[in-house]
Amino acid sequence: MSTPFASAIAADNTVFTTQVNNGKYQNAQPTPANASAWGILWRYVSEQRVDATPSNGIPVMPLSASQLAALPAEQSSVIRFGHSSVYMQVAGQRWLIDPVFSQRTSPFSFIGPKRFHQPPLELSELDSIDGVIISHDHYDHLDKHSIKLLKDKVEHFVVPEGVDQHLLDWGVDSQKIQRLRWWQSANFGDLTVTATPTQHFSGRGLFDANQTLWASYVIDAPEQRIFFSGDSGYFDGFKQIGERYGPFDLTMMETGAYDKDWSAVHMTPEQTLQAHLDLKGKALMPVHNSTFDLAFHSWYEPLERISQLSEQANVQLVTPKIGEVFTVGQSQVTEAWWRVLK
């Protein structure tokens, strides 16, 4: 298990600093508002959609606790559990990012976007975990049910400022929680986790908009450096992160749930590719897709578009199946598995 974090250390001043106005967090640069909820609802009712959900099952490679335990400690391994939920073994430690194991991304168990597939293993099968990283408090990234099941198995929770209150409300020990603003870091033995800016928003109800911060993360281990985008629109902050922390051996980038009605807070595949280049990334793993129906595009469109764009730009794209182990730093060939399901 990892050693406790030493402290949170603020980096030097930057234009993309955390901003708070009247108790609400703001993006570093003004962003247009999303379309109204009623307007978006009307589109869901009135627009004809094509292949919003897969007609055949998403391929999932089942995992066991023994398989995870057998991963080489000297290598960095990454496994997609679905949507933006990722399991990592880095610096000999076991971490989860945005673990969402519930059937729906919703405040209710009976309504809301439902999973296309099951996770490759159940939370009950996971042994102790060194840490959990949360990008922001939206339901498809912060899952109350999962946190409550994990709280006694996890040594550290790293969250953006304000998200710690959710965890405290759900019974997580305050001594386990490290909350960060942008450009702050926490050290866990040989691993350093740094919260970096994104262009997004937060809130879980009608009256708590932007009362908690949102973040991306730099995960710095002796053997590799990894970037996780969280959710974000495209902005110049990616260049700044790349200049300060790049190059990255792997970027795990939001690629999915984009739309013209919320274009400032989610990226198109073209913008995802540009953000990866801004970050000075080597391999690109698209996440935020293939698990929930959260937009108007077909379920496979994000993967198909980023695949074509990456080929044109000569960028190494890695698209492991759900549950498939990807070893960071290796030229591992992955399949375009979604094409046989289209």
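These numbers come from the heavy atoms of this one structure, side chains and all, not from hydrogens, waters or symmetry mates.
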Kindly work out whether a path of hydrophobic side-chain contacts (I/L/V/M/F/W/Y, heavy atoms less than 4.5 Å apart) joins Tyr245 to Trp182. yes
For residues Gln240 and Asp236, is any side-chain donor paired with an opposing acceptor at under 3.5 Å? no
Cation-pi geometry met for Arg244 and Trp183 (6.0 Å, 45°): yes
Quick one: do the Gln224 and Ser76 side chains pair a donor with an acceptor below 3.5 Å? yes
Under 3.5 Å, side-chain donor or acceptor atoms of residues 107-115 against the rest of the protein: list the pairs with distances, not counting sequence neighbours.
| from | atom 1 | to | atom 2 | distance (Å) |
| --- | --- | --- | --- | --- |
| Arg115 | NE | His117 | O | 2.8 |
| Arg115 | NH1 | Val100 | O | 3.0 |
| Arg115 | NH1 | Ser102 | O | 3.2 |

What one should report as the nearest heavy-atom pair of Ile241 and Phe227 is CG2-CE1, 3.9 Å
Could you pull out all residues at least two apart from Asp169 that satisfy side-chain contact (heavy atoms from CB on, under 4.5 Å)? Gln165
Looking only at atom types and distance, does a side-chain atom of Ser146 sit under 3.5 Å from a main-chain N or O of Lys144, one as donor and one as acceptor? no
Identify the residue among Thr272, Asp140, Asp98 that makes a side chain to side chain donor-acceptor pair (under 3.5 Å) with His288. Asp140
Ignoring hydrogens and geometry beyond distance, is a side-chain donor-acceptor pair present between Thr198 and Ser232 at under 3.5 Å? no
Arg179 bridged to Asp164 by N-O distance under 4.0 Å: yes
Run Phe228 and Tyr217 through ring-ring contact (aromatic ring centres under 6.0 Å, His included) and show every step you take. CA-CA 5 Å; Phe228 177 75; Tyr217 288 94; 7.3 Å; no
With a 4.0 Å cut-off, would you call Lys151 and Asp173 a salt bridge? no
Applying salt bridge (charged side-chain N to carboxylate O under 4.0 Å, His left out), run through Lys153 and Asp127 and close with a yes or a no. CA-CA 7 Å; Lys153 297 183 176 187; Asp127 296 327; over 6 Å; no
Distance-only polar pair, side chains of Gln271 and Tyr258, donor-acceptor under 3.5 Å: no
Basic-acidic side-chain contact under 4.0 Å: Asp249, Arg225: no
Is Val86 reachable from Val60 through a run of hydrophobic residues whose side-chain heavy atoms are each under 4.5 Å from the next? no
Measure from the side-chain N and O atoms of Gln308 to the backbone N and O of Arg305, and report whether any donor-acceptor pair falls under 3.5 Å. no
Cluster check Leu149, Phe157: I/L/V/M/F/W/Y, side chain < 4.5 angstrom: yes
Should the heavy atoms of other residues, nucleotides or ligands under 6.0 Å from CH2 of Trp170 be counted, would the total exceed 12? yes
Given the side-chain rings of Phe201 and Tyr25, with only the six-membered ring counted for Trp, is the space between their centroids under 6.0 Å? no
Of Asp220, Asn187, Val218, Ile133, the residue whose pairing with Val193 passes side chain to side chain contact (heavy atoms under 4.5 Å, CB included): Ile133
Side chain Ser229, main chain Glu254, donor-acceptor under 3.5 Å: yes
Full working for side chain to side chain contact (heavy atoms under 4.5 Å, CB included) between Gln274 and Met267: CA-CA 10 Å; Gln274 185 59 56; Met267 293 185 285; over 6 Å; no
By salt bridge (Lys or Arg N to Asp or Glu O under 4.0 Å) - contacts of Asp293 (at least two apart): Arg49
Arg94 NZ/CZ over Tyr87 ring centroid, <6.0 Å and within 45° of normal: no
Without hydrogens or angle criteria, can the side chains of Ser202 and Thr212 be said to hold a donor-acceptor pair below 3.5 Å? yes
In terms of the angle between their ring planes, are Trp95 and His156 parallel, tilted or perpendicular, with boundaries placed at 30° and 60°? parallel
Using the salt bridge (charged side-chain N to carboxylate O under 4.0 Å, His left out) rule, take Arg80 and Glu324 through it: C-alpha gap first, then chi angles, then the decisive distance, then the call. CA-CA 7 Å; Arg80 282 196 69 195; Glu324 182 179 358; over 6 Å; no
Sidechain-backbone polar pair: Thr327 side chain, Gln330 backbone, donor-acceptor under 3.5 Å: no
Begin with the C-alpha distance, continue with both residues' side-chain angles, and end with the deciding distance and a verdict on side chain to side chain contact (heavy atoms under 4.5 Å, CB included) for Val163 and Leu213. CA-CA 7 Å; Val163 176; Leu213 186 60; over 6 Å; no
Side-chain ion pair, Lys176 and Glu155, N-O less than 4.0 Å: no
Side chains of Ile219 and Ile97: does their closest heavy-atom pair fall under 4.5 Å? yes
I'd like to know if the side chain of His266 and the backbone of Asp231 have a donor-acceptor N/O pair within less than 3.5 Å. no
Can you confirm whether Val90 sits close enough to Leu191 that some side-chain heavy atom of one is under 4.5 Å from a side-chain heavy atom of the other? yes
Does the pair Trp214 and Asp137 meet the rule for a side chain to side chain donor-acceptor pair (under 3.5 Å), with working shown? CA-CA 8 Å; Trp214 45 95; Asp137 73 358; over 6 Å; no
Keeping the roles fixed (side chain from Asn27, backbone from Gln29), state whether a donor-acceptor pair exists under 3.5 Å. no
Are Thr196 and Ser216 linked by a side-chain donor-acceptor pair shorter than 3.5 Å? yes
Check this for me: does any side-chain nitrogen of one of Glu243 and Lys280 sit under 4.0 Å from a carboxylate oxygen of the other? no
Please evaluate residues Leu68 and Ile79 with respect to the criterion side chain to side chain contact (heavy atoms under 4.5 Å, CB included), reporting the C-alpha separation (whole Å), side-chain torsions for both, the decisive distance (0.1 Å), and the verdict. CA-CA 10 Å; Leu68 296 179; Ile79 307 172; 3.6 Å; yes
Carefully, step by step, assess Phe81 and Leu63 under the rule side chain to side chain contact (heavy atoms under 4.5 Å, CB included). CA-CA 10 Å; Phe81 278 10; Leu63 287 169; 3.7 Å; yes
Under 3.5 Å, is there a donor on one side chain and an acceptor on the other for Trp299 and Asn289? no
